[in-house]
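First the proteins, then the strands, lettered A, B, ... as listed; each starts at 1.
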Amino acid sequence: MKEKCNGWVCPNCGRTVWTDHCPDCLSGIHMEDEEGIECGGVMEPVGVWVKTDGKWEIIQRCQLCGEMSTTKMSSDDNYMKIWSIASKPLASPPFPIEKTEELTRIMGGSGSIKWRKTE
Amino acid sequence: MNRENKRRKYDKKYFRAHPCTDSFICKNCGWPVVSAGAGSSHRNHCPNCLYSIHLDKVPGDRSSECHGRMEPIGVWVRKNREWAVIHRCKACGKISSNRAAADDNPMKLMALAMRPFGSPAVPQENIRSLTISMEEISKI
């Protein structure tokens, strides 16, 4: 992921890119995995992670070998795509969202929903 | 004669066909976790705080020497509309994903899904200017 400064063509959308991920579709190329073996699969964006300092990182997953990695979000990235990826889990919840509190209580888990009241 | 223990010890491919059914105590919150009730036979993370331990290189082989705590950092939706939790090792930074179990704390899962929306990384002003620029009608 480091020696891609001389420009490459995004395999997903065909745009010529100079950063480590395509700013339009947020995908990249998996150069080599943890052991240093070449892979070459397309990294598709899978999620967004908020670091402790408040910055966002995009979580990518290789379509070929399934390895996950993160890349820093740059300022010229497509905001709409990022919001769309971040809201994907909310759009297809595995349980009814309105019953979250009830379900947690039944399972004996911790946590509660508290909306901050506006005056 | 019971040869199961011998097989477990010396067969290097034993873990591929036999799920681990050990119970453990969560190192983060102290929750006693048993392998039953996960909806599958592979228990990976604590159902209460969703933390995991970095044990495997290949799922089930227990060969990693890191043993760091793996913090849940997000969820993503698989192709079959199933949720998976994304873990990040606090010691070495390795990222891995695992299926959400049936008895995972729904509140914690929703909190993970909502986390990006609470941070000001993309300012509201930027989004407003974006929508204004998108709504502009060019007059001919």
*Pick one of side chain, backbone, both or neither for A:S75, based on which atoms fall under 4.5 Å of a heavy atom in chain B.*
neither

*Residue selection (most heavy-atom pairs with chain B, distance under 4.5 Å) from A:P94, A:G54, A:G47, A:P93*: A:P94

*Is B:V85 reachable from B:Y51 through a run of I, L, V, M, F, W or Y residues, each pair having side-chain heavy atoms under 4.5 Å apart?*
no

*Looking at CZ of B:R88 and NZ of A:K51, how far apart are the two atoms once the value is rounded to the nearest 0.5 Å?*
8.0 Å

*asked:* Can you confirm whether A:E98 is buried at CD, in the sense that more than 12 heavy atoms of other residues, nucleotides or ligands lie under 6.0 Å from that atom?
replied: yes

*Could you tell me whether A:I106 atom CD1 has more than 12 heavy atoms of other residues or ligands within 6.0 Å of it?*
yes

*Of the backbone (N, CA, C, O) and the side chain (C-beta and beyond), which part of A:I82 lies under 4.5 Å from a heavy atom of chain B, both, or neither?*
neither

*Listed by residue number, which members of residues 89-101 of chain B have a heavy atom under 4.5 Å from any heavy atom of chain A?*
B:K94, B:I95, B:S96, B:S97

*Please check if B:L55 and B:F15 belong to a single hydrophobic cluster, counting links between Ile, Leu, Val, Met, Phe, Trp and Tyr side chain heavy atoms closer than 4.5 Å.*
no

*Answer yes if A:I59 and A:L90 sit in the same cluster of Ile, Leu, Val, Met, Phe, Trp and Tyr residues linked by side chain heavy atoms under 4.5 Å apart, and no otherwise.*
no

*Rounded to the nearest 0.5 Å, how far does CG of B:D104 lie from CZ of A:F95?*
9.0 Å

*Applying the 4.5 Å side-chain criterion to the ILVMFWY set and letting contacts propagate, would B:L130 and A:W83 be lumped into a single cluster?*
no

*Could you tell me which non-hydrogen atom of A:M80 sits nearest to which non-hydrogen atom of B:M134, and how far apart they are?*
SD-CE, 3.6 Å

_Rounded distance [0.5 Å steps], CG in B:L109 versus OG1 in A:T104_ = 9.0 Å

*chain B contacts, top residue of A:K55, A:R61, A:K99, A:K88 (heavy-atom pairs, under 4.5 Å)*: A:R61

*Side-chain donor or acceptor of A:W49 paired with backbone N/O of B:I86 under 3.5 Å*: no

_Which of B:A113, B:P116, B:C29 touches chain A most, by non-hydrogen pairs under 4.5 Å_ = B:P116

*Spacing of B:F117 atom CZ and A:S87 atom OG [to the nearest 0.5 Å]*: 5.0 Å

_Need one label for B:K108: side chain, backbone, both or neither, based on atoms under 4.5 Å from any heavy atom in chain A._
side chain

*Hphob cluster co-occupancy, B:I132 + B:I127, side-chain heavy atoms under 4.5 angstrom*: no

*Atom OH of A:Y79 and atom CG of B:N126: how far apart are they, to the nearest 0.5 Å?*
4.5 Å

_Contact listing (chain A partner; residues 64-78 of chain B; heavy atom under 4.5 Å)_ = B:I73, B:V75, B:W76, B:V77

_Proximal component of A:E101, with respect to chain B [non-hydrogen, under 4.5 Å]_ = both

*Looking only at non-hydrogen atoms, find the nearest pair between A:M107 and B:A102 and report the distance.*
CE-O, 3.7 Å

